[in-house]
2 protein chains.
Amino acid sequence: MMYIASMYSRELLKGILKPIILKLLSDNGRMHGYEMVRTIKDWSGEKILVKEGSLYPTLHALTRDGLLTYEEEFIGKRVRKYYSISKAGKTRLEERKIEILDFVDTLSNMFNSKHLTT
Amino acid sequence: MMYIASMYSRELLKGILKPIILKLLSDNGRMHGYEMVRTIKDWSGEKILVKEGSLYPTLHALTRDGLLTYEEEFIGKRVRKYYSISKAGKTRLEERKIEILDFVDTLSNMFNSKHLTT
DNA sequence: GGCATTACATCATATTATGATGTATATTGC
DNA sequence: GCAATATACATCATAATATGATGTAATGCC
């Protein structure tokens, strides 16, 4: 059992999990689900804590959409699913990366300056 | 009738509308709904295009939660609701601002560097 | 043996932005 | 004067998606 709470509010994290998974697999090659949870945690400085109830359905959705592939491996009797990013997944990642960095920049400007209408 | 499409994908915008409204009213004092839509558009460089179907229910929710107050005014026969941020709203904005700027920074780091696990 | 960790999974629920739709007044161009 | 557009409010069904709760089972450690 895993019980953790994200530092960022639930709403702020919406729409960001898929790109994070794509980026993770793009950088690291093969990874399995449980490994991703821990890596995202480390990677974000303990600030993004993905829950299993979020991760597994998202991995299935990305696979269904052809952005990921996976292979099963047996460690003793236990099965592990190693996921990899597909060609289509890499293309999608590039698109989303541009959007995210631009969005982040927009938000940064919005909340850092004082915008007065005249 | 207003028909516009946001530059950013739907998911990415989730959870950001409330803080934007709070920031807007914090900077500008009194504003009415329709004015907010146009200001957010200008303010974000045409990148965040809030829909009426999103804005009005959100204004009601923020008011219900005590973060906004409003006064009705008549421009001829037409009613306008001028919203202002409350003390509680300002407190909430400060909290959310810190969270958003930190989140933005985390995302920027995540998507700009290559993170390899060893 | 007992406990924590690893590793997968599903499902009901909550949140929230959107598109569609509706109503009505005011303004601007011709 | 009239038509088109802009102003200004609103509601509702729908879609997307992260979470908490819950479940199963193997492995590693003391």
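Model, not experiment: these values are computed from the prediction. Below, chain A is the first sequence line, B the second, and so on; all start at residue 1.
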J.: When you measure from the side chain of A/Ser86 to the backbone of A/Leu67, do you find a donor-acceptor pair of N or O atoms at a distance under 3.5 Å?
T.: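 Side chain of A/Ser86 to backbone of A/Leu67: a pair is present.
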
J.: Does a nitrogen or oxygen in the side chain of B/Arg38 sit under 4.0 Å from OP1 or OP2 of D/dA8?
T.: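 Yes, B/Arg38 has a side-chain N/O under 4.0 Å of OP1/OP2 on D/dA8.
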
J.: In whole angstroms, how far is the P atom of C/dT18 from the CD1 atom of B/Ile40?
T.: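 Spelled out: CD1 on B/Ile40 to P on C/dT18 is 10 Å.
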
J.: Nearest nucleotide by nearest heavy atom, which residue falls closer to the 5' end of DNA chain C, A/Lys14 or B/Gly76?
T.: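 Mapping each residue to its closest nucleotide by heavy atoms, the 5'-most match is A/Lys14.
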
J.: Between atom CG in A/Leu55 and atom P in D/dT17, what is the gap in whole Å?
T.: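 The answer, rounded to whole Å, is 15 Å.
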
J.: Heavy-atom count check: over 12 atoms from other residues, nucleotides or ligands less than 6.0 Å from B/Arg96 CZ?
T.: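 Count over threshold, so yes.
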
J.: Could you tell me the separation between the OH atom of A/Tyr82 and the C1' atom of C/dA7, rounded to a whole number of Å?
T.: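 Rounded to the whole Å, the gap is 11 Å.
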
J.: Output the rounded distance in Å from CG (B/Leu59) to P (C/dT16).
T.: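 Taking atom P of C/dT16 as the reference, CG of B/Leu59 is at 14 Å.
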
J.: Any salt bridge between B/Asp27 and B/Lys23, counting N to O under 4.0 Å?
T.: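 B/Lys23 and B/Asp27: salt-bridged.
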
J.: For B/Lys51 and C/dT16, give me the distance from atom NZ to atom C1', rounded to whole Å.
T.: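 Rounding to the nearest Å, NZ of B/Lys51 and C1' of C/dT16 are 13 Å apart.
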
J.: Could you please name the option among C/dC8, C/dT10, D/dT7 that lies closest to any side-chain atom of B/Arg78?
T.: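 Of all the options, the side chain of B/Arg78 is nearest to D/dT7.
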
J.: Should B/Arg80 and B/Tyr82 be marked as a side-chain contact (heavy atoms from CB on, under 4.5 Å) after you check the CA-CA gap, both sets of side-chain angles, and the distance that decides it?
T.: CA-CA 6 Å; B/Arg80 256 194 206 159; B/Tyr82 277 97; 2.9 Å; yes

J.: Of all the nucleotides listed (D/dA18, C/dT18, C/dT16), which has the minimum atom distance to the side chain of B/Lys18?
T.: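 Selected nucleotide (nearest to the side chain): C/dT16.
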
J.: The side chain of A/Glu11 lies closest to which of these nucleotides: C/dT18, C/dT16, D/dA18?
T.: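 Nearest to the side-chain atoms of A/Glu11, counting from C-beta on, is C/dT16.
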
J.: Which of the following nucleotides, C/dT6, D/dT19, D/dT7, is nearest to the side chain of A/Ser54?
T.: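 So the nucleotide nearest the side chain must be D/dT19.
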
J.: Any side-chain N or O of B/Tyr56 less than 4.0 Å from the OP1 or OP2 oxygen of D/dC9?
T.: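 Indeed, a polar side-chain atom of B/Tyr56 lies that close.
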
J.: Determine: side-chain N/O of A/His60 to OP1/OP2 of C/dC8, distance under 4.0 Å, yes or no.
T.: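 Indeed not, no polar side-chain atom of A/His60 lies that close.
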
J.: Starting at atom CZ of A/Arg64, determine the distance to atom P of C/dT10, rounded to an integer number of angstrom.
T.: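 Distance check: A/Arg64 CZ to C/dT10 P gives 13 Å.
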
J.: Run the salt bridge (charged side-chain N to carboxylate O under 4.0 Å, His left out) check on A/Glu73 and A/Arg30 step by step: do they pass?
T.: CA-CA 12 Å; A/Glu73 267 182 40; A/Arg30 281 158 45 102; 2.7 Å; yes

J.: Which part of the nucleic acid, if any, lies within contact of B/Gly33, taking any heavy atom under 4.0 Å across all strands shown: a base, the sugar-phosphate backbone alone, or nothing?
T.: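 Contact class for B/Gly33: sugar-phosphate only.
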
J.: Expressed in angstrom and rounded to an integer, what is the separation of A/Ile21 atom CD1 from D/dT17 atom P?
T.: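 About 12 Å, once rounded to whole Å.
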
J.: So does A/Lys81 get a side-chain nitrogen or oxygen closer than 4.0 Å to the phosphate oxygens (OP1/OP2) of C/dA9?
T.: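 For C/dA9, OP1 or OP2 has a side-chain N or O of A/Lys81 closer than 4.0 Å.
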
J.: Establish, with yes or no, whether the OP1 or OP2 oxygen of D/dT7 is under 4.0 angstrom from a side-chain nitrogen or oxygen of B/His32.
T.: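 For D/dT7, neither OP1 nor OP2 has a side-chain N or O of B/His32 closer than 4.0 Å.
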
J.: Would you mind reading off the distance between A/Phe103 atom CZ and C/dA17 atom C1', rounded to a whole angstrom?
T.: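 My rounded result for the distance is 12 Å.
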
J.: Under 4.0 Å between any heavy atoms, over every strand shown, what does A/Lys77 touch: base, sugar-phosphate, or nothing? Just pick one.
T.: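 A/Lys77: backbone/sugar contact only, no base atoms under 4.0 Å.
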
J.: Identify the residue among B/Val50, B/Ile16, B/Leu55 that makes a side-chain contact (heavy atoms from CB on, under 4.5 Å) with B/Ile21.
T.: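 Single side-chain contact (heavy atoms from CB on, under 4.5 Å) partner of B/Ile21 among B/Val50, B/Ile16, B/Leu55: B/Leu55.
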
J.: OP1 or OP2 of C/dT16 versus the side-chain N and O atoms of B/Thr58: is any pair under 4.0 Å?
T.: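 No, because none of the side-chain N or O atoms of B/Thr58 sits under 4.0 Å from OP1 or OP2 of C/dT16.
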
